[in-house]
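Quick notes on the structure that follows.
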Amino acid sequence: MTEARELVAALTRRGETVAAAESLTAGLVCATLAEVPGASAVLRGGLVVYATELKTALAGVDAQLLAEHGAVHPEVAAQLARGARERCGATWGLGLTGVAGPDPQDGVAPGTVYVGLSGPGVNTVRELAETGDRDTIRTASTRAALALLGEQLD
C-alpha cells in the first residue's frame, strides 16, 4: 500500500512513531505498516480491542461512555487513539471502531466507521460511511486511518 510506504518514510524523516488501537480492523493497520521495510523504526505497536470490554481494559476507553453509547461512537475512536498513543509511548495514536457487517451492531449500520487520531496538538475524529463487504470496509477503514495521519505529516 503506497500510503503505508509514504507514512513510514515521513515518520522516519521526522523521528516520530505511531501506534494503533483497532477494533473492526483487528490489527490490519499495524500489519499494513509492518509490511513496509524499515517500519520497525516508527511502528511502536498496537492493541487489538475487538471485544468491547478490552477497549476499557487495554486502551483506557471510559466504561461509562461504552455503556451509554456503545462501541461505535466518535468519542470511543478518540479515546482509542489516545490510549494507543499513551500505552505504546508513541508520537501518534490511531483509533478505529465501526461496523464491518454484514449485520448492524447495536443499531449502527454496516460501513459506519470512526477513525481517531491523537498526536502533538491534534485530537480529531473522522466519520466514514463505507460500502461493500467486510473486507472492503476493513481495507477502506485502514486506508482512511493512514490518510488521516498522513494529512498531519504533510
Side-chain angles (χ1 to χ4, degrees), residues 1 3-4 7-8 11 16-36 39-40 42-120 122-153:
M1 188 178 282
E3 297 96 339
L7 268 182
V8 168
L11 288 166
E16 297 177 346
T17 58
V18 64
E22 304 179 59
S23 184
L24 83 150
T25 49
L28 190 56
V29 170
C30 289
T32 299
L33 288 168
E35 289 176 1
V36 178
S40 61
V42 300
L43 178 58
R44 292 283 301 155
L47 309 166
V48 175
V49 290
Y50 212 72
T52 299
E53 67 272 11
L54 291 182
K55 290 169 180 59
T56 298
L58 298 179
V61 175
D62 181 65
Q64 187 66 31
L65 170 69
L66 291 166
E68 290 177 10
H69 297 286
V72 184
H73 187 272
E75 183 57 26
V76 172
Q79 290 186 22
L80 287 171
R82 278 193 300 277
R85 181 181 182 209
E86 292 169 1
R87 284 164 166 72
C88 294
T91 312
W92 297 97
L94 290 166
L96 295 92
T97 188
V99 183
D103 300 317
Q105 177 184 330
D106 299 326
V108 179
T112 303
V113 177
Y114 296 99
V115 179
L117 176 66
S118 177
V122 176
N123 286 294
T124 189
V125 175
R126 183 166 290 164
E127 180 177 4
L128 310 173
E130 301 294 346
T131 58
D133 62 14
R134 286 179 61 78
D135 185 54
T136 302
I137 291 169
R138 292 175 70 240
T139 299
S141 300
T142 297
R143 284 197 166 116
L146 298 179
L148 182 59
L149 175 56
E151 290 168 16
Q152 296 299 317
L153 303 180

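You'll find the side chain of E68 stays beyond 4.5 Å of the side chain of E75, heavy atoms only. Residues I137 and R134 fail the side-chain proximity criterion, which asks for heavy atoms closer than 4.5 Å. Residues P120 and R85 meet the side-chain proximity criterion, which asks for heavy atoms closer than 4.5 Å.
Annotation for A145 and L96: closest pair CB-CD2, 3.9 Å, computed over non-hydrogen atoms. Contact record, Q105 with G98: OE1-O, 4.1 Å, taken as the closest heavy-atom pair. Heavy-atom minimum distance, R44 versus G89: NE-O, 3.5 Å. Closest of all the heavy-atom pairs between C88 and A19 is CB-CB, 3.5 Å. When all heavy atoms of A84 and G93 are compared, the closest pair comes out as CB-CA, 4.5 Å. Closest of all the heavy-atom pairs between G60 and Q79 is O-OE1, 4.0 Å.
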- prompt: Given the rule in the side chain to side chain contact (heavy atoms under 4.5 Å, CB included) test, do L80 and V61 qualify, once you have shown the distances and angles that lead to the verdict?
  reply: CA-CA 6 Å; L80 287 171; V61 175; 3.6 Å; yes
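Considering CD of E22 and SG of C30, their distance stands at 5.0 Å, rounded to 0.5 Å. The structure places CG of L146 at 5.0 Å from CG of L33, a figure rounded to the nearest 0.5 Å. In this structure, OG1 on T112 lies 7.0 Å from CD on E127, to the nearest 0.5 angstrom. Distance check, rounded to the nearest 0.5 Å: CG of L117 to CZ of R82 gives 11.5 Å. Between the CG atom of L7 and the CG atom of L149 there is a distance of 5.0 Å, given to the nearest 0.5 Å. Between the CG atom of L28 and the CZ atom of R143 there is a distance of 10.0 Å, given to the nearest 0.5 Å.
Not one N or O on the side chain of R138 forms a donor-acceptor pair closer than 3.5 Å with the backbone of A100. With hydrogens and angles disregarded, no donor-acceptor distance shorter than 3.5 Å links the side chain of K55 to the backbone of D62.
With H73 as reference, L65 is the one residue of L65, V125, L66 to meet the side chain to side chain contact (heavy atoms under 4.5 Å, CB included) rule.
For residues 89-104, every residue pair satisfying the side-chain hydrogen bond (donor to acceptor under 3.5 Å, both in side chains) rule, not counting sequence neighbours, is listed here: E16-W92, T17-T91.
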